[in-house]
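A quick write-up on the structure given underneath.
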Amino acid sequence: MTLKRTIYTLAFVVLGVILGKFCQYGAVALLQPRMGFTTASAVGLAPFVMALIVLKSRYPRYFAFRSGR
């Protein structure tokens with residue numbers, strides 16, 4: 001794995017975690033009184049997971065696992 005690819009991968013993971021947690025915590029703040037913590041947390045992560053699925057299906061080359069061998 002090249003240094004450039006490693007940097008892009010780390011940036012993607014960090015931004016993904018930040019965005020995913022933002023969606024999750026926002027949904028919990030808005031929906032927890034009506035749905036409970038666990039359900040609101042799952043509802044908050046659903047759009048983020050769907051976006052990742054769409055990205056993987058649209059750009060499979062960039063989201064494929066590559067072995068370093």
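Below, all heavy atoms of this structure are taken into account, side chains as well, without hydrogens, waters or symmetry copies.
Listed here is the closest heavy atom pair of A27 and G44: CB-CA, 3.3 Å. Across all their heavy atoms, A40 and Q32 have their closest contact at CB-N, 4.0 Å.
We find the NZ-OG distance between K21 and S41 to be 6.5 Å, quoted to the nearest 0.5 Å. With values rounded to the nearest 0.5 angstrom, L45 atom CG is found 8.0 Å from F48 atom CZ. Taken to the nearest 0.5 Å, the CG atom of L31 stands 5.5 Å off from the CZ atom of R34. With rounding to the nearest 0.5 angstrom, the CZ atom of F22 is 13.5 Å from the CG atom of L15. Rounded to the nearest 0.5 angstrom, I18 CD1 and C23 SG are separated by 12.0 Å.
Under the 4.5 Å side-chain heavy-atom criterion for Ile, Leu, Val, Met, Phe, Trp and Tyr, V49 and V43 are members of distinct hydrophobic clusters. Taking hydrophobic clusters as Ile, Leu, Val, Met, Phe, Trp and Tyr residues chained together by side-chain heavy-atom distances below 4.5 Å, Y59 shares a cluster with F12.
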